[in-house]
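In what follows, a single structure is set out as structure tokens and then discussed.
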Amino acid sequence: MPAGAAELGEQLQTVVAEMASWMREYGDVTPHAAQDVDPSELAAATAELRSRLRDNYPFHHPRYAGQMLKPPHPAAVIGYVTAMLVNPNNHALDGGPATAAMEKDVVAQLAAMFGFAGTPETPGHLGHLTSSGTIANLEALFVGREIHPGKAIAHSADAHYTHARMAHLLGIEAIAVPTASDGTMDVDALDALLASGRVGTVVATTGTTGLGAVDPVHEIVPVARRHGVRVHVDAAYGGFFRLIADDQPDGVAAAPYLAIADCDSVVVDPHKHGLQPYGCGAVIFRDPGVAQHYLHDSPYTYFTSDELHLGEISLECSRAGAAAAGLWLTLRLLPLTPDGLGAVLRPGRRATLAWARLIEESDELRLYQPPQLDILTYLPARARLSEVDAASAAAMAAGMARPPAESLHLATYTVDGPALAARGHRLDVDVPAGRILRSVLMKPEHEAAVPGLHRQLLDLLRPTNGPRSPDTGENPPLAHHT
Ligand SMILES: *Cc1c(COP(=O)(O)O)cnc(C)c1O
């Protein structure tokens with residue numbers, strides 16, 4: 001964690017004391033005996049909890065270079081816990097005005113980051129936090145269905161599986177558009193599909209969950225507009241890269257990110273790259289007028305204000321006000337600017353590029369494809385896909401099996417023959433599909449760790465550390481074609 005555990009502990013103690021002091025302003029409350037627990041039983045139960053939580057991977061450590069997981073920033077923890085002691089519900093203003101106001105504030109900051117300024121008729125934006133990217137995407141697809149009833153959604157073949165699933169839930173068809181050789185949506189194929197008139201909403205993904213591939217939003221928007229189709233951007237993973245979308249050596253490509261401003265809706269997960277604990281997604285619409293699709297009446301909420309409440313523009317009901325407080329406090333300290341949160345993303349991007357270079361220069365590994373964000377995919381140099389699969393799985397298992405202080409935690413990603421061939425990898429595709437290795441380098445601490453990660457991986461790939469193929473012997477390095 002960026003701040004020491006002692007520092008965070010001290011802050012939390014202050015938080016608990018201060019919130020208790022606010023509560024006492026209302027007069028003392030004698031706790032009811034029904035909720036009393038024996039202090040020694042509490043201590044024993046929490047000790048058991050801590051012991052059970054040891055069954056985890058070290059998400060906080062740079063040698064955890066697997067999935068998109070990391071602990072929240074201390075500011076997010078302090079913000080979340082402070083508000084959680086009150087436990088406001090951001091479903092309605094009556095559930096806690098302060099965190100509802102914070103939610104509107106952080107959503108406005110997210111909208112500004114994406115360049116959402118509304119339409120000439122209805123300036124501004126409409127949006128709210130959600131408990132996840134899944135729900136946020138569901139809402140965007142729901143609004144798309146209300147605007148284009150009976151029409152399908154189109155997403156790239158590499159889009160998150162949630163889109164097909166949510167389309168099923170909404171009773172609409174989901175059509176997968178093929179990807180180009182870099183894992184991004186094939187815009188010509190999209191154009192041909194949209195010409196059929198079947199599609200009402202295109203989902204562009206700026207940062208696929210598997211490869212971190214960024215769909216060319218700037219090319220998708222004009223095609224969609226020509227066919228009168230909505231564009232929704234799933235930036236659940238990659239949305240915050242907007243802050244470093246500057247075409248710089250340690251930034252990411254600008255054009256797709258700048259074009260998000262012209263899309264109809266966007267989803268971003270503060271619980272992925274926004275340093276928040278789980279339970280924090282966001283959906284934002286460019287046109288505030290879409291609120292009409294959410295409207296409902298409830299006899300038991302909204303009695304203190306005539307304003308549009310968060311609960312009136314959200315499909316979810318109860319939501320943690322604490323999530324808004326955690327994000328609000330974090331953004332007060334690390335704002336949505338290139339020098340704020342952007343400076344937290346850049347080292348991970350540099351780490352990814354540095355490891356990609358080491359991999360390209362090595363004889364033992366191949367880069368699956370150049371990384372567009374901070375997700376790296378690579379494979380052991382082997383002659384056959386079955387051997388790549390076995391070596392990848394063995395390296396992952398061997399890394400995790402080492403003692404904690406020497407462990408290396410990687411993830412795998414399944415590829416097939418056509419996907420390998422599209423990227424110029426010529427190997428014998430003797431099995432229909434196989435696993436390669438994948439690392440999400442989303443912690444700034446990864447930058448300093450890269451040389452060590454690479455050395456450790458090479459060590460794990462040595463034949464003594466994994467099953468050796470009986471018939472290729474030396475596993476000769478292959479020519480590199482990407
Ligand atoms: C993570 C992710 C989702 C799903 O979001 P959750 O917060 O896990 O529900 C959707 N799309 C993309 C691109 C993602 O990376």
Side-chain angles (χ1 to χ4, degrees), residues 59 66-72 76 80 106-107 110 114 127-144 153-170 174 176-177 179 182-185 201-217 220 231-242 245 252 256-257 260 263 265-284 314-316 319-320 323-324 326-327 345 348 352 371-377 411 413 438-442:
F59 306 129
Q67 309 284 4
M68 38 186 69
L69 286 154
K70 62 175 177 180
Y80 197 102
V106 294
V107 168
L110 292 170
F114 290 118
H128 59 90
L129 300 181
T130 61
S131 47
S132 68
T134 300
I135 298 296
N137 276 304
L138 169 65
E139 294 205 11
L141 299 184
F142 158 72
V143 166
I153 63 154
H155 56 77
S156 97
D158 272 12
H160 198 284
Y161 67 86
T162 190
H163 296 289
R165 194 191 246 178
M166 292 301 140
H168 180 60
L169 185 72
L170 290 166
V177 179
T179 50
D182 61 355
T184 65
M185 186 184 277
T201 301
V202 177
V203 178
T205 305
T206 52
T208 56
T209 316
L211 300 172
V214 180
D215 283 347
V217 183
I220 291 169
V231 184
H232 166 61
V233 181
D234 182 0
Y237 182 72
F240 290 104
F241 283 92
R242 172 67 185 81
V252 302
Y257 278 99
I260 296 176
C263 297
S265 53
V266 63
V267 158
V268 63
D269 263 352
H271 69 206
K272 281 188 183 142
H273 254 304
L275 310 176
Q276 300 307 296
Y278 285 113
C280 196
V283 60
I284 310 167
S314 154
L315 293 183
E316 287 177 279
R319 272 191 303 107
L327 183 56
L345 271 78
T352 310
Q372 294 167 40
L373 298 180
D374 59 357
I375 301 177
L376 200 61
T377 42
Y413 180 74
R438 170 171 167 273
S439 287
V440 182
L441 302 179
M442 72 189 306

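Ligands are counted one by one from 1 in listed order, and the atoms in each one are counted from 1 as well.
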CA sep, side-chain torsions, deciding dist, call: Asp158, Thr205, side chain to side chain contact (heavy atoms under 4.5 Å, CB included): CA-CA 9 Å; Asp158 272 12; Thr205 305; over 6 Å; no

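- Donor-acceptor pairing under 3.5 Å is recorded for the side chains of His163 and Asp234.
- Note: no N/O pair closer than 3.5 Å links His160 and ligand 1 by distance alone.
- Proximity of Thr208 to ligand 1, defined as any heavy-atom pair under 4.0 Å, is not found for any part of the residue.
- Between Leu275 and Lys70, the closest side-chain pair of non-hydrogen atoms falls below 4.5 Å.
- With a heavy-atom cut-off of 4.0 Å, Asp269 touches ligand 1 through its side chain alone.
- Nearest non-hydrogen protein atom to atom 1 (C) of ligand 1 is Lys272 NZ, 1.3 Å.
- Ranking protein heavy atoms by distance to atom 9 (O) of ligand 1, first place goes to Thr134 OG1, 2.5 Å.
- Taking 4.5 Å as the limit, every side-chain heavy atom of Gln372 sits out of range of all side-chain heavy atoms of Phe241.
- The ligand atoms of ligand 1 that sit less than 4.0 angstrom from a heavy atom of Thr209 are 12 (C), 13 (C), 14 (C), 15 (O).
- Residues Cys280 and Leu129 have side chains in contact (heavy-atom distance under 4.5 Å, counting atoms from C-beta outward).
- For ligand 1, the atoms lying closer than 4.0 Å to a non-hydrogen atom of Ser132 are 7 (O), 9 (O).
- Shown in contact with Gly133 at under 4.0 Å from a heavy atom are these atoms of ligand 1, numbered in order with element: 5 (O), 6 (P), 7 (O), 9 (O).
- Considering backbone and side-chain atoms alike, Met68 places every N or O at 3.5 Å or more from each N or O of ligand 1.
- Residue contacts with ligand 1 leave out His163, since none of its heavy atoms falls under 4.0 Å from the ligand.
- Looking only at distances, no side-chain donor or acceptor of Glu139 sits under 3.5 Å from a matching main-chain atom of Val283.
- Every residue two or more places apart in sequence or in another chain was checked for a salt bridge (charged side-chain N to carboxylate O under 4.0 Å, His left out) with Asp374, and none qualifies.
- Residue Tyr237 has at least one heavy-atom neighbour below 4.0 Å for each of these atoms of ligand 1: 15 (O).
- In the vicinity of Ala236, heavy-atom distances shorter than 4.0 Å reach the ligand 1 atoms 2 (C), 3 (C), 10 (C), 11 (N), 12 (C), 14 (C).
- The nearest heavy-atom contact from the protein to atom 11 (N) of ligand 1 is Asp234 OD2, 2.6 Å.
- A 4.5 Å side-chain heavy-atom check between Leu69 and Tyr278 finds at least one atom pair inside the cut-off.
- With sequence neighbours left out, the side chain to side chain contact (heavy atoms under 4.5 Å, CB included) criterion links Thr201 to Ile153, Arg230, His232.
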